[in-house]
Amino acid sequence: MDHFTYRDGVLHAEDVPLPLIADEVGTPFYVYAAATLRRHYRVFAEGFAGSGALVAFAVKALSNIAVLSLLGKEGAGADIVSGGELFRALKAGIPADRIVFSGVGKTRAEMKAALEAGILQFNVESEAELRQLAGVAEEMDVAAPLALRVNPDVDAGTDTRISTGRKNDKFGIPWDEAVRLYTEAAAHPSLAPRGIAMHIGSQITSLMPFEKAAGRGRDLVTALRGKGCEVASLDLGGGLGIPYRQDGEVPPLPSDYAAIIRRLTDDLGVQVIMEPGRLIAGNAGLFVTEVLLQKDQDGTQYVIVDGGMNDLMRPALYGSHHDVQEVAQSDAEPKSCHIAGPVCESTDVFLRDAALRDPKEGALLAFRGAGAYGATQSSQYNTRPLAPEVLVDGERFAIIRKRPSYEDMLSGEAVPSWL
Ligand SMILES: *Cc1c(COP(=O)(O)O)cnc(C)c1O
């Protein structure tokens with residue numbers, strides 16, 4: 001469910017008509033609905049009510065500090081994958097003891113910053129990382145709280161480009177090494193293992209892989225305890241899928257997901273941690289762009305818009321589909337066209353064979369499902385300024401990231417004096 005609806009023939013974000021935002025910030029832009037972000041967080045968290053579980057939002061999905069602050073106030077923690085994301089999460093007021101640090105490679109500086117902040121746990125992905133973390137913690141004279149991210153060898157049935165839990169994917173510690181590494185870490189004075197972590201992939205639309213992975217996690221917790229190890233947390237990662245097509249497949253409900261996880265973990269005596277990203281942010285955001293012109297390429301109709309693959313990369317990167325909506329409703333007959341951006345790449349096409357009724361010059365188009373992995377993956381390729389981000393809350397809206405000027409964009413560059 002989202003809060004982007006037509007009123008009097010004009011698409012609104014909550015109570016704000018999108019053309020009003022376009023007038024104020026220009027196009028293209030991202031817009032997020034606070035009501036949808038809150039709703040998605042609450043629906044997810046409610047499934048775990050009373051269990052003491054931590055919902056750590058995957059910051060890489062949508063990392064604007066206004067969004068992190070909103071979710072933090074709802075009780076969310078943060079799943080981070082870099083020192084930059086740590087900085088953001090703390091800046092947004094998310095308490096350090098609700099932050100988990102994931103990722104297959106962390107620098108010493110990042111480890112140090114996270115230890116200084118006092119995060120809940122590092123999710124360690126290899127024996128080498130364990131050794132490096134021990135080194136940093138030893139220098140600081142602390143014991144690093146950590147979970148071992150294990151690879152459960154579960155095929156999530158998702159696109160191979162976003163699968164992470166099969167044994168040849170680069171992520172996690174091989175299953176049969178987990179017990180040895182955990183017991184070694186427990187014996188190390190600078191390491192404080194507190195749990196197991198996993199994350200099997202993204203945009204997963206069946207509950208079975210989650211059930212399998214959680215079951216394997218449960219077995220591992222039991223096995224570790226059998227060896228005398230203490231296990232306080234079980235991090236099951238993110239990955240629950242969302243509907244990207246209004247007329248398409250309906251992914252599992254968060255409440256059904258929660259029921260399955262709780263059945264496997266409620267009696268285990270661990271703090272369950274979840275790291276949803278897409279589920280919370282995906283359908284809380286639109287990417288809004290303006291039609292520049294129409295172009296007939298030997299019988300193929302192209303609608304060229306002012307947003308490009310540098311702004312919303314998912315179609316070019318993963319072949320992802322985003323539904324499009326015309327901001328002004330029209331009674332004209334729908335016509336088939338390809339919607340493409342202005343970037344000098346053949347892959348800069350958002351949608352092929354879209355049905356648009358009135359894509360005239362200056363018309364606004366909104367791509368749905370753009371809240372997660374949209375703005376965070378954008379770049380300034382072709383020296384295009386990053387699209388601004390706008391947060392709507394009821395009748396109010398605010399620019400939460402402004403469009404940089406060309407001066408801003410070049411401010412870090414310099415021509416050496418010897419040139
Ligand atoms: C990307 C990622 C997530 C979030 O995945 P979603 O599919 O957005 O829920 C969670 N945990 C880890 C370790 C990740 O890499």
Side-chain angles (χ1 to χ4, degrees), residues 37 40-41 43-45 47 53-63 67-68 71 76-82 84-86 89 98-106 110 114 119-126 129 146-152 154 156-166 169-173 195-207 209-210 213-214 217 233-244 251-252 254 257-258 261 272-285 313-314 317-318 320 369-377:
L37 289 165
H40 287 174
Y41 177 81
V43 164
F44 190 87
L54 172 67
V55 180
F57 175 63
V59 171
K60 73 178 191 283
L62 175 52
S63 56
V67 171
L68 299 183
L71 293 172
D79 169 46
I80 59 166
V81 292
S82 70
E85 288 190 354
L86 172 66
R98 283 196 237 143
I99 296 178
V100 300
F101 195 164
S102 301
V104 71
K106 309 172 180 79
E110 287 173 328
I119 64 165
L120 180 66
Q121 67 184 39
F122 293 83
N123 289 348
V124 171
E125 298 213 19
S126 61
E129 186 190 338
L146 66 97
L148 285 188
R149 172 163 171 188
V150 294
N151 186 324
V154 169
T158 188
D159 190 286
T160 52
R161 286 166 292 193
I162 50 177
S163 173
T164 57
R166 299 166 305 172
D169 290 329
K170 74 174 177 181
F171 300 97
I173 289 166
I196 292 298
M198 51 182 84
H199 169 70
I200 56 175
S202 201
Q203 187 53 17
I204 301 167
T205 51
S206 148
L207 288 177
F210 291 111
S233 73
L234 177 60
D235 182 339
L236 296 169
L240 195 54
I242 62 167
Y244 274 108
Y257 169 81
I261 302 299
V272 171
I273 303 172
M274 265 92 38
E275 306 167 347
R278 189 188 310 272
L279 183 87
I280 290 176
N283 281 322
M313 187 160 61
R314 299 187 67 257
L317 185 61
Y318 313 114
S320 307
Y373 307 105
T376 53
Q377 286 186 352

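Order of listing sets the numbers, starting from 1, for every ligand and every atom in it.
- Atoms of ligand 1 found under 4.0 Å from any heavy atom of Ser102 (numbered from 1 in listed order, with element): 13 (C).
- A salt bridge between Lys60 and Glu85 is absent, with no side-chain N of the basic residue lying under 4.0 Å from a carboxylate O of the acidic one.
- Checked by atom type, the side-chain pair Asn123/Glu125 shows no donor-acceptor distance below 3.5 Å.
- Among all heavy-atom pairs drawn from Ile200 and Ala156, the shortest one is O-CB, 3.7 Å.
- Side-chain contact between Val104 and Ser126: absent, with no pair of heavy atoms (C-beta onward) separated by less than 4.5 Å.
- For ligand 1, the atoms closer than 4.0 angstrom to any heavy atom of Pro276 are 9 (O).
- Taking the centre of each ring, Tyr41 and Phe57 stay at or above the 6.0 Å mark.
- For the pair Gly237 and ligand 1, the shortest N or O to N or O distance does not fall below 3.5 Å.
- Counting protein heavy atoms only, atom 7 (O) of ligand 1 is closest to Ser202 OG, 2.3 Å.
- Given atom 11 (N) of ligand 1, the protein heavy atom at minimum distance is Glu275 OE1, 2.5 Å.
- Neither the backbone nor the side chain of Val81 has a heavy atom within less than 4.0 Å of ligand 1.
- Annotation: cation-pi pair Lys106/Phe122 absent, no NZ/CZ under 6.0 Å from the ring centroid and within 45° of its normal.
- The shortest heavy-atom distance from Ala61 to ligand 1 is not under 4.0 Å.
- Residue His199 holds the heavy atom nearest to atom 5 (O) of ligand 1 of all those in Arg278, Arg149, His199.
- Contact between Gln377 and Leu317 at its shortest, heavy atoms only, is OE1-CD2, 3.9 Å.
- In this structure, Asp79 has a heavy atom closer than 4.0 Å to ligand 1.
- Looking at ligand 1, you'll find an N or O of Tyr373 within less than 3.5 Å of one of its N or O atoms.
- Screening Leu120, Ile80, Asp79, Val59 against Ile99 for a side chain to side chain contact (heavy atoms under 4.5 Å, CB included) leaves a single residue, Ile80.
- With ligand atoms numbered from 1 in the order given, ligand 1 contributes 6 (P), 8 (O), 9 (O) to contacts under 4.0 Å with heavy atoms of Gly277.
- Atom 14 (C) of ligand 1 has Lys60 NZ, 2.8 Å as its closest protein atom, hydrogens excluded (heavy atom only).
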